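Reading through the structure tokens given below for one structure.
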2 protein chains.
Amino acid sequence: MGTPLSRDPIAEAQRNWEEQGWGDLAAPMAAITAIMRTQQILLARIESTLKPFGLTFARYELLALLNFARKGALPMNKASALLQVHPTSVTNAVDRLERAGLVARSPHPTDGRTTLIELTAKGRTAAKNAATALNTEVFRAPGFSPGDVKDLIRILGEFRRNAGDFEE
Amino acid sequence: MGTPLSRDPIAEAQRNWEEQGWGDLAAPMAAITAIMRTQQILLARIESTLKPFGLTFARYELLALLNFARKGALPMNKASALLQVHPTSVTNAVDRLERAGLVARSPHPTDGRTTLIELTAKGRTAAKNAATALNTEVFRAPGFSPGDVKDLIRILGEFRRNAGDFEE
DNA sequence: GCCTAAACGTTGCATGTCCTAGTATATTCA
DNA sequence: TGAATATACTAGGACATGCAACGTTTAGGC
């Protein structure tokens, strides 16, 4: 997206914020901005790894979720809850995965409102291959030291719990 | 988007990964997934704070950048580089901000290729008001302890530098 | 049993992001 | 000087996300 900047734009913004008189809020602002940017970088790496498989991150996440489900099938609303995305996003992903022959929709046996999503054989293979690619190309050299990984899991885990993602 | 889950879905995925035989990659996977989810939560908070101002995060970022620029004006490509987004994203944001009367395009005095984006008086007011709202509603209680904020800034700063965002 | 309220999935709309291609202008170099 | 190359911005398309509204189906209160 461009050549490296000579200085960290987020650190610069933090200094600006402090000069503006928002001293104690400059650090949280910088941390949050850094999270946004880091997500952007990681997403780009993931998408580029998945591209050869004809998958996007959203679709891969759904495949991976189904792959771990005991029966390889889940109701739409369950997938929405576990992936923490809007139901319309799941509808969108399932539409495309179904068109690619990786998942199939089927009616729920007892509840007429819900739709089950099921992995096809082709979908299961794609899920495994994509997972292997992500492991070797992204997670093996994540750009964080093992100690930092541990810190991130703790810090972000607490954040997500406080934000109401889960209880424990 | 739903009620809290009984268990942390990311911790669960990490356990699944370990059972699958990807032991040492499970932690980086969990950390990266947690960053994705944290970004999603923070973005939702920010968007909801900016909504009353008729702004999105992308447009706010551009306003804030212009507000800190010495002359309140920047070339498009400079904005693209500093915000680390694709040039077409800047075009999109400027289109909408211009329609709302918050910024104005003007030709570069010497280089006929480049377009300058300039903050209008209305735009400067909007930038200040939106910044105040973000400070009080998001950054004042970010959901991270001061110590964790410090760790995040360091960890993510190193990551971004290694990823080629900036040199130093 | 019936009728209202709630849940589920889908569609339409708005937004943002990136990619590819195209047009216009600058710069480089033979 | 003139052609080839590089740069800046824009147009159109693919994709993901969320909100609001809708039709269908189920559940609860009377």
Side-chain angles (χ1 to χ4, degrees), chain A residues 1-3 36-37 39-51 53-63 74-81 83-100 103 105-117, chain B residues 1-3 36-37 39-63 74-100 103 105-117:
Chain A
M1 198 110 39
T3 54
M36 310 298 270
R37 174 61 185 151
Q39 186 266 355
Q40 191 182 15
I41 294 169
L42 290 169
L43 182 60
R45 286 186 193 169
I46 291 171
E47 296 278 12
S48 118
T49 300
L50 292 176
K51 192 158 201 171
F53 299 92
L55 291 175
T56 62
F57 184 49
R59 295 178 217 171
Y60 164 77
E61 277 197 299
L62 186 51
L63 284 189
L74 277 179
M76 302 270 295
N77 66 336
K78 200 86 180 174
S80 170
L83 295 176
Q84 320 253 200
V85 297
H86 204 271
T88 52
S89 297
V90 177
T91 296
N92 187 325
V94 171
D95 283 349
R96 297 171 194 280
L97 287 171
E98 194 171 34
R99 219 173 304 153
V103 306
R105 271 185 246 245
S106 65
H108 190 286
T110 67
D111 189 334
R113 292 170 301 183
T114 85
T115 303
L116 292 177
I117 332 166
Chain B
M1 200 109 41
T3 52
M36 309 298 269
R37 174 60 186 151
Q39 187 265 355
Q40 193 181 11
I41 294 169
L42 289 170
L43 182 60
R45 285 187 194 167
I46 291 170
E47 296 278 13
S48 118
T49 300
L50 291 176
K51 194 159 199 170
F53 298 94
L55 290 175
T56 63
F57 185 49
R59 296 180 214 170
Y60 165 75
E61 276 196 299
L62 186 52
L63 284 189
L74 276 179
M76 303 271 292
N77 66 336
K78 201 87 181 174
S80 170
L82 290 170
L83 295 176
Q84 319 254 200
V85 295
H86 203 274
T88 53
S89 297
V90 177
T91 297
N92 187 324
V94 171
D95 283 350
R96 297 171 196 281
L97 286 170
E98 194 172 34
R99 219 174 303 151
V103 308
R105 278 177 165 102
S106 66
H108 191 286
T110 67
D111 190 334
R113 294 169 302 180
T114 83
T115 303
L116 293 177
I117 331 164

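Side chains included, hydrogens not; waters and symmetry mates left out as well; all remaining heavy atoms used. If you're wondering where the values come from, they're calculated on a predicted model, not measured in any experiment.
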Thr114(B) (side chain) and dC9(D) (base): donor-acceptor pair under 3.5 Å: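 It does not, because no donor-acceptor pair links the side chain of Thr114(B) to the base of dC9(D) below 3.5 Å.
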Expressed in angstrom and rounded to an integer, what is the separation of [X] atom [atom1] from [N] atom [atom2]?
X: Leu83(B); N: dT17(C); atom1: CG; atom2: P; answer: 9 Å
X: Asp95(B); N: dC9(D); atom1: CG; atom2: C1'; answer: 11 Å
X: Leu97(A); N: dC15(D); atom1: CG; atom2: P; answer: 12 Å
X: Gln84(A); N: dA16(D); atom1: CD; atom2: P; answer: 19 Å
X: Ile46(A); N: dC15(D); atom1: CD1; atom2: C1'; answer: 16 Å
X: Lys78(A); N: dA7(C); atom1: NZ; atom2: P; answer: 15 Å
X: Glu47(A); N: dT17(D); atom1: CD; atom2: P; answer: 9 Å
X: Leu116(A); N: dT25(D); atom1: CG; atom2: P; answer: 16 Å

For the side chain of [X], counting heavy atoms from C-beta on, which of [options] is nearest?
X: Asp111(B); options: dA26(C), dT11(C), dT10(D); result: dA26(C)
X: Pro87(B); options: dG9(C), dG18(D), dT10(D); result: dT10(D)
X: Thr88(B); options: dT10(C), dA16(D), dC18(C); result: dC18(C)

Under 3.5 Å, N/O pairs linking protein and nucleotides 5-7 of chain D:
from   : atom 1 : to        : atom 2 : distance (Å)
dT7(D) : O4'    : Arg113(B) : NH1    : 3.3
dT7(D) : O2     : Arg113(B) : NH1    : 3.4

Might you point out which heavy atoms bring Lys78(A) and Leu74(A) nearest each other, and give the distance in Å?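 Shortest heavy-atom contact: CG-CD2, 4.0 Å.
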Using every non-hydrogen atom in the two residues, find where Pro52(B) and Thr49(B) come nearest and quote the distance to one decimal.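 Distance-wise, the nearest heavy atoms are CD-O, 3.2 Å.
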CD/Gln40(B) to CD/Gln84(A) distance, rounded to the nearest 0.5 angstrom?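 Nearest 0.5 Å value for the CD-CD distance: 7.0 Å.
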Of residues 54-63 of chain A, the positions that come close to DNA chain D - non-hydrogen atoms, cut-off under 4.0 Å: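 The answer is Thr56(A), Ala58(A), Arg59(A).
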Does the side chain of [Y] come within less than 4.5 Å of [X]'s, by heavy atoms?
X: Arg105(A); Y: Val94(A); value: yes
X: Ile117(B); Y: Met76(B); value: yes
X: Leu62(B); Y: Arg59(B); value: no
X: Ser89(B); Y: Leu83(B); value: no
X: Leu116(B); Y: Pro109(B); value: yes

Full working for side-chain contact (heavy atoms from CB on, under 4.5 Å) between Leu55(A) and Glu47(A): CA-CA 8 Å; Leu55(A) 291 175; Glu47(A) 296 278 12; over 6 Å; no
Looking for any heavy atom pair under 4.0 Å, which part of the strands does Thr110(A) touch: base, sugar-phosphate only, or nothing?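 It contacts sugar-phosphate atoms only.
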Taking only side-chain nitrogens and oxygens of His86(A), does any of them come within less than 4.0 Å of OP1 or OP2 of dC19(D)?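 So the side chain of His86(A) is within the cut-off, an N or O lying under 4.0 Å from OP1 or OP2 of dC19(D).
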Can you check whether Arg96(A) has a side-chain N or O nearer than 4.0 Å to OP1 or OP2 of dA14(D)?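 Answer no for this pair, as no side-chain N or O of Arg96(A) is under 4.0 Å from OP1 or OP2.
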How far does the helix from dG1(C)-dC30(D) to dA30(C)-dT1(D) bend, going by the axes of its first and last five pairs, to the nearest 10°?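 The end axes of the helix from dG1(C)-dC30(D) to dA30(C)-dT1(D) are about 10° apart, to the nearest 10°.
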Would the distance check show the side chain of Ser80(B) and the main-chain N or O of Val85(B) forming a donor-acceptor pair, the cut-off being under 3.5 Å?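 Present.
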Thr56(B) and Leu50(B): side-chain contact (heavy atoms from CB on, under 4.5 Å), yes or no, with the steps? CA-CA 6 Å; Thr56(B) 63; Leu50(B) 291 176; 6.0 Å; no
On DNA chain C, check which nucleotide each of Lys51(A) and Val90(A) is closest to and give me the residue with the more 5' one.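 Going by which nucleotide is closer to the 5' end, it is Val90(A).
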Apply side-chain contact (heavy atoms from CB on, under 4.5 Å) to the pair Arg45(B) and Leu43(B), showing each step before the final yes or no. CA-CA 5 Å; Arg45(B) 285 187 194 167; Leu43(B) 182 60; over 6 Å; no
